[in-house]
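What follows is a short report on a single structure.
When reading the values below, keep in mind they use all heavy atoms of this one structure, side chains included, and skip hydrogens, waters and symmetry mates. Proteins get letters first, then strands, A, B, ... in listed order; numbering begins at 1 in each.
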Protein chains: 2
Amino acid sequence: MKPDALRGHLDALILAVLEQEPRHGYAIMEALQERSGGALELPTGTLYPALRRLERAGYLRSAWATVSGRRRRTYRLTAAGRRALAAERSAWRDFAAVIDGVLRPASPQT
Amino acid sequence: MKPDALRGHLDALILAVLEQEPRHGYAIMEALQERSGGALELPTGTLYPALRRLERAGYLRSAWATVSGRRRRTYRLTAAGRRALAAERSAWRDFAAVIDGVLRPASPQT
DNA sequence: ACCTACATGTAGACCATCTATATAAGCGAC
DNA sequence: GTCGCTTATATAGATGGTCTACATGTAGGT
């Protein structure tokens, strides 16, 4: 997968994996990898700045925890984050429909 | 449509509208706008550099023409361009499947 | 002691897209 | 006869999300 393709869609992905339960960054990476069948292997240099950006935007809230000696920063969706997720889902459907419409070869009889 | 969403997919769109017939830049803009139902309004500062990039990459070849007093640069797909288009279509299907898979809410019974 | 997995973070590079600006011909209206 | 709109192409510079590379530290197995 070429890296640029992800641009503008990563926020949606992160919000989506946080929809059901809060997770810390490393768990988000694992969830994305699993849900994508291994296609999404986010570098930490991509994920962590994105999480901070989403928190600054008010879509996430984070809290530190220590689990078996390791520090974790756990993120959860805010109400605004849930609204943003709904908007991202809708935007994705529209976007995909547009691309599909252009990529689909015109039917020979038209 | 937020601008970043297009990143990494524009090449595919341009190649696709050139699949059936050669077009000049302005006509490519119009074709994209029409095929997308008005969603894609590419700034010229996006399209023209992209066309030159695709020509440099060997996917397009251009030729100047003058039609009713106006100069046009008409682009056509090369053989490599057709192969690239096929690859882009395939990459888009894979990409869309990945995003769909992550965005789709997990079913409650799982 | 060493290696791997777990866990978070930053600095700087990259580069496709966007904004803004420039140029110029054709054409209808007034 | 010039005003405004459409047609038509082009470049310079800004933007900003993602990636590469690097840095730090704990836990646990061998």
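You'll find the side chain of F95(B) stays beyond 4.5 Å of the side chain of K2(A), heavy atoms only. Looking only at side-chain heavy atoms (C-beta outward), I14(B) and L47(B) come within less than 4.5 Å of each other. Taking 4.5 Å as the limit, every side-chain heavy atom of I28(B) sits out of range of all side-chain heavy atoms of L42(B).
Spacing between atom CG of L42(A) and atom P of dA21(D) amounts to 17 Å, rounded to whole angstrom units. Put simply, CD on E41(A) is 12 Å from P on dC19(D), counting in whole angstrom units. Between the CG atom of L47(B) and the P atom of dT7(D) there is a distance of 15 Å, rounded to whole Å. Here dT17(C) presents its C1' atom at 17 Å from CZ of R52(B), a figure rounded to the nearest Å. Atom pair L51(A):CG and dT8(C):P shows a separation of 9 Å (rounding to whole Å applied). One atom, CE of M29(B), and another, P of dT17(C), lie 16 Å apart when rounded to the nearest Å. Atom NE2 in H9(A) sits about 13 Å away from atom P in dC19(D), given to the nearest Å. L60(B) places its CG atom 16 Å from the C1' atom of dT9(D), with the value rounded to the nearest Å.
Here G45(A) lies in heavy-atom contact (under 4.0 Å) with a base.
Nearest-nucleotide positions on DNA chain D for T46(B) and A50(A) put T46(B) closer to the 5' end. Nearest-nucleotide positions on DNA chain C for T74(A) and D4(B) put T74(A) closer to the 5' end.
Heavy atoms of other residues, nucleotides or ligands lying less than 6.0 angstrom from CD of E34(B) number 12 at most.
Within the structure, a side-chain polar atom (N or O) of Y48(B) is placed less than 4.0 Å from OP1 or OP2 of dT9(D). Considering only side-chain N and O atoms, R53(A) lies under 4.0 angstrom from the phosphate OP1 or OP2 of dT18(D).
Not counting sequence neighbours, the partners of D100(B) by the side-chain contact (heavy atoms from CB on, under 4.5 Å) test are W92(A), R104(B).
The D11(B) side chain lies nearest to dT17(C) when the options are dC18(C), dT17(C), dC19(D).
The pair E19(A)-R76(A) does not count as a salt bridge, with every side-chain nitrogen at least 4.0 angstrom from each carboxylate oxygen.
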Determine all donor-acceptor pairs shorter than 3.5 Å in which one atom belongs to a side chain in residues 59-74 of chain B; sequence neighbours excluded.
residue : atom : partner : partner atom : Å
S62(B)  : OG   : E55(B)  : OE1          : 3.2
S62(B)  : OG   : E55(B)  : OE2          : 2.9
S62(B)  : OG   : R73(B)  : NE           : 3.2
R72(B)  : NE   : H24(B)  : NE2          : 3.4

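For the segment residues 63-73 of chain A, residues with any heavy atom less than 4.0 angstrom from an atom of DNA chain C are, sorted by number, W64(A), R70(A), R71(A), R72(A), R73(A).
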